[in-house]
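Quick notes on the structure that follows.
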Amino acid sequence: MNKVNKLAVLGRASAAGVGVATQRHLLQPPLLGLNPASKSKVQCFSRDLADHFSLPSLAVSGTMFLSGLAHGVPAEDPVRPKKFLPNEVVLYQYEACPFCNKVKAFLDYYDIGYKVVEVNPMNKKEIKWSEYKKVPILTVDGEQMVDSSDIITKLFQRIHPEKSPDSVPDGGEEKKWLGWVDNHLVHVLSPNIYRSVSEAIESFDYITTHGNFSLTERIIAKYGGAAAMYFVSKKLKKRHNITDERAALYGAAETWVDALKGRKFLGCLEPNLADISVFGVLRPIRHLRSGRDMVEHTRIGEWYSRMEAAVGESSRINA
């Protein structure tokens with residue numbers, strides 16, 4: 001069936017009330033003879049068509065497109081859902097916290113303006129109002145949200161109300177890699193950024209420069225904290241069965257690149273929640289020695305650059 005006929009059939013199927021599964025089947029291109037990477041890219045394109053537009057609308061849009069070609073007139077873009085626009089979003093965080101940075105990457109990607117309250121890790125006075133004593137905490141028009149994965153999933157549902165809650169994350173692959181971020185990737189970071197005394201001091205210089213510390217706390221945290229975390233990182237290595245810190249970091253980066261299967265993003269043409277989560281937890285280490293080594297010695301650099309471009313500038317609102 002050629003493309004024109006297939007689109008016509010899809011339009012008739014939509015009008016006749018044919019089920020979604022049948023309509024999705026009509027959108028699937030033939031995959032025989034394609035290598036795995038090419039097959040993955042073709043499936044991405046087909047899936048993105050189905051995910052970004054309702055199928056009846058897609059059929060109508062396609063008909064308009066073909067009609068436009070016939071008359072030499074470009075087709076109009078399909079109507080997209082209105083953006084989620086909360087009045088006030090506040091993130092309670094530690095600047096270097098990977099889970100907090102996951103939430104920030106999501107907010108930046110979706111261009112949701114947010115204020116930041118930097119929590120002092122020594123007394124946590126900024127979150128004494130909450131029964132939840134960890135970060136990140138996000139308040140959206142006064143509603144408290146906790147746990148980074150739950151936060152981005154709930155926000156995603158509000159941005160995309162057309163998606164059923166059961167479909168977020170969208171499919172087994174996305175869900176698998178979201179779990180991998182929380183259960184594996186984050187655990188290889190601390191042993192790397194505190195791998196040596198000099199790297200621990202470099203990391204705490206970043207933490208104390210961007211964190212909520214008084215001058216005295218900053219000096220104590222930079223050197224005392226660096227020394228403490230240097231020894232803690234050795235215990236973390238043992239707990240997570242890490243023998244070589246850099247090998248573990250490089251291995252995680254390569255595992256992620258392999259998961260892409262030649263696609264621009266795990267989400268195919270656009271980042272999905274797993275892409276945003278991986279980027280978020282890696283962003284604070286990117287310009288530390290461990291992050292520079294990771295980009296230099298693995299294939300993750302191209303994907304990371306694409307993510308930087310896709311996420312764009314910070315949406316943070318300075319008080």
Exercise for review: For G301 and V295, work out which heavy atoms get closest and say how close.
Suggested key: CA-CG1, 4.1 Å
Check your understanding: Can a salt bridge be assigned to the pair R316 and D108 using a cut-off of 4.0 Å between side-chain N and carboxylate O?
Key -> no
Review point. Any ion pair linking E296 and R286 (charged N to carboxylate O, less than 4.0 Å)?
Key: no
Review point. If you draw a 6.0 Å radius around NZ in K238, do more than 12 non-hydrogen atoms from other residues or ligands fall strictly inside?
Key: no
**Study point:** Atom pair CD1/OG1 of I201 and T208 - distance to nearest 0.5 Å
**Key:** 11.0 Å
Check your understanding: Can you name the closest pair of heavy atoms from S130 and Q144 and give their distance?
Key -> OG-OE1, 3.0 Å
Practice item. Please list, chain by chain and in numerical order, all residues satisfying ring-ring contact (aromatic ring centres under 6.0 Å, His included) with H240, sequence neighbours excluded. Key: H187
Review point. Would you say the side chains of T209 and R218 form a donor-acceptor pair under 3.5 Å?
Key: yes
Check your understanding: Rounded to the nearest 0.5 Å, how far does OH of Y250 lie from CG of D293?
Key -> 4.0 Å
Review point. SG/C97 to CD/E118 distance, rounded to the nearest 0.5 angstrom?
Key: 9.5 Å
Exercise for review: Please determine if R289 and E202 form a salt bridge, counting it only when a charged side-chain N lies under 4.0 Å from a carboxylate O.
Suggested key: no
Check your understanding: What heavy-atom pair brings E126 and N120 nearest, and what distance separates the two atoms?
Key -> OE1-N, 3.0 Å
Review point. Are side-chain heavy atoms of I285 and L189 found at a separation under 4.5 Å?
Key: yes
Practice item. For E199 and S196, test the side chains for any donor-to-acceptor distance below 3.5 angstrom and give the result as yes or no. Key: yes
Exercise for review: Report yes if the distance between the aromatic ring centroids of Y92 and W129 is under 6.0 Å, otherwise no.
Suggested key: yes
**Study point:** Evaluation steps, side-chain contact (heavy atoms from CB on, under 4.5 Å), between I137 and I151
**Key:** CA-CA 9 Å; I137 297 174; I151 290 170; over 6 Å; no
Review point. Is the distance between the ring centroids of Y194 and F204 under 6.0 Å?
Key: yes
Review point. Taking side chain as C-beta onward, heavy atoms only, is W303 less than 4.5 Å from D275?
Key: yes
Practice item. Indicate yes or no: does K104 engage E95 in a salt bridge with an N to O separation below 4.0 Å. Key: yes
Review point. Roughly how far, to the nearest 0.5 Å, is the CZ atom of F156 from the CG atom of N272?
Key: 8.0 Å
Review point. Checking side-chain contact (heavy atoms from CB on, under 4.5 Å) for the pair S314/Y114: CA distance, chi angles, key distance, verdict?
Key: CA-CA 9 Å; S314 173; Y114 60 96; 3.4 Å; yes
Practice item. For residues V281 and V181, determine if any side-chain heavy atom of one lies less than 4.5 Å from a side-chain heavy atom of the other. Key: yes
Check your understanding: What distance separates S290 OG from N192 CG, expressed to the nearest 0.5 Å?
Key -> 5.5 Å
Review point. If you look only at pairs with a residue in residues 182-193, which of them pass as a salt bridge (charged side-chain N to carboxylate O under 4.0 Å, His left out), with sequence neighbours excluded?
Key: K102-D182
Exercise for review: Without swapping roles, check the side chain of R306 against the backbone of K264 for a donor-acceptor pair under 3.5 Å.
Suggested key: yes
Point to revise | Closest contact, heavy atoms only, P191 versus S233 | key: CA-CB, 4.0 Å
Check your understanding: Which heavy atom of S315 sits nearest a heavy atom of I112, and at what distance?
Key -> CB-O, 3.3 Å
Check your understanding: Given the rule in the ring-ring contact (aromatic ring centres under 6.0 Å, His included) test, do F84 and Y110 qualify, once you have shown the distances and angles that lead to the verdict?
Key -> CA-CA 9 Å; F84 170 59; Y110 281 101; 9.6 Å; no
Exercise for review: Taking all non-hydrogen atoms of both residues into account, name the closest pair between V89 and G113 and its distance.
Suggested key: CB-O, 3.5 Å
Exercise for review: Nearest 0.5 Å please: distance from the NZ atom of K234 over to the CE atom of M229.
Suggested key: 11.0 Å
